[in-house]
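So the structure is just underneath, and the comments pick up after that.
Computation of the quantities below employed the complete heavy-atom set of this structure, encompassing side-chain atoms and omitting hydrogens, waters and symmetry-equivalent molecules. Note that the structure is a prediction, hence the values are computed from the model and not measured. Every number for a ligand or one of its atoms is a count from 1 in the order of the listing.
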Amino acid sequence: MKALVLSGGKGTRLRPLTFTCAKQLIPVANKPILGYVLDQIRETGITQVGVITAPETQGNVKDYVKDGVQWGFSVAFIPQEPLGLAHAVKTAQPFLGEDSFVMCLGDNVTGQGIKAFVEKFEKENLDALIILKEVDDPARFGIAQLDKDGNITKLVEKPKTPMGNLAIIGTYLFSNKIHQAITHIKPSWRGELEITDAVQEMVNLGFKVKAEILNTWWLDTGKKDDILSANAKILDEYVKRDTRGNVENSIIEGRVTIDNQAKVVNSTVRGPCVIGKNALVENSFIGPYTSVGDNSQVINSHLEYSVLLENVLIKDVERLEDSLIGKNAKVTKSPIARTIKLHIGDYSEVNV
Ligand code: G1P
């Protein structure tokens, strides 16, 4: 069995961060989302991994995954124009050959690994196993309908009138029969070859297509608030108390990881939180669910429920919450009362 990880796309809803960073590489708890996906693939024992990349961000993704040795993988990078998930499978066909594979979206994270799904797929000798999760907003996703035995009977991509609330979460297991189904489908209204249509075609052709419902959380990190939620979930589940960094005259409460090259001075840090390498927190309060990226500085400020990427400066800011701040950005308070001075990039959002 092989794995196919989709790390392409334009990430338009996460601009301006995605002007300089692939959306799959935006960190949560100071680690790129793609890293969590690759960790879950490693747990299955799969060692041959294809990574789909987009022209704009392929350099970024290659720099992070490298030769895959960190995960024990052999990696093939497969460039693709963003023409749909089924188009990605078609593009990867020379890599996939006749093998079964698990396909994972590189910007989706779940609280559960995929090992059990791989085992079920193999044990039951399926042609497709599609992982689903109940959602409140079915019109945003691919939606599946099941019979009482868990066989998929119908799938619709972003239905205007949803026939249920079971969303396709971005983890799919396929036999090589998927390639035959893809040859039968046409691009959708959004001009993409939809994997949802290809799975429907597998159902129509009488192949064994089953579903499994995820019984933990799932986040599709397409927007700022999803990144903050994913950060909170991951910090909640994975962060351990480890305050090896340089801590002076400070209160560190709960599960806080401070990198051994970080410095916390005259401050309070309340977990769950991570403070990255060479970061500095001085005369500040860092509240729960915050990740401070490598080389970032928080000085005379109050920060909560936020993600700072690398080399950010937050200085003299009374209270900053629910914020996602990109690399090398600076947020400081103007010395002139009630004046707001901005120098921000295209597609930035400021709420004062
Ligand atoms: C894609 C799939 C959709 C699925 C979603 C999960 O949507 O087409 O069926 O529910 O991923 O994240 P897209 O992100 O391309 O809009």
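For atom 16 (O) of ligand 1, the closest heavy atom belonging to the protein is K158 NZ, 2.6 Å. Distance from atom 6 (C) of ligand 1 to its nearest protein heavy atom, with residue and atom name: I168 O, 3.4 Å. Of all protein heavy atoms, the one closest to atom 11 (O) of ligand 1 is L105 CD1, 3.6 Å. Atom 1 (C) of ligand 1 has L85 CD1, 4.0 Å as its closest protein atom, hydrogens excluded (heavy atom only). Scanning the protein for heavy atoms near atom 12 (O) of ligand 1, the closest one is D220 OD2, 3.1 Å.
With contacts defined as side-chain heavy-atom distances shorter than 4.5 Å, the pair M202/F174 qualifies.
Ligand 1 lies nowhere less than 4.0 angstrom from a heavy atom belonging to R140. Contact annotation: K133 has no heavy atom less than 4.0 Å from any atom of ligand 1.
Within ligand 1, the atoms closer than 4.0 Å to a non-hydrogen atom of G142 are 3 (C), 4 (C), 9 (O), 10 (O), numbered from 1 in the order shown. Atoms of ligand 1 lying under 4.0 Å from any heavy atom of T196, numbered from 1 in the order shown and given with element: 9 (O).
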Full working for salt bridge (charged side-chain N to carboxylate O under 4.0 Å, His left out) between E349 and K224: CA-CA 10 Å; E349 284 177 26; K224 174 208 132 203; 5.9 Å; no
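Checked by atom type and distance alone, the side chain of S250 pairs as donor or acceptor with a backbone atom of N266 at under 3.5 Å.
Shown here is K158, whose NZ atom has more than 12 heavy atoms of other residues, nucleotides or ligands within 6.0 Å. A 6.0 Å sphere centred on OH of Y347 holds no more than 12 heavy atoms belonging to other residues, nucleotides or ligands.
Here atom 15 (O) of ligand 1 lies nearest to R190 when heavy atoms of R190, R13, E157, E192 are compared.
Between W71 and Y64, the two ring planes are perpendicular [angle over 60°; tilted spans 30° to 60°].
Remark: K133 NZ to I169 CD1 distance equals 8.5 Å, nearest 0.5 Å.
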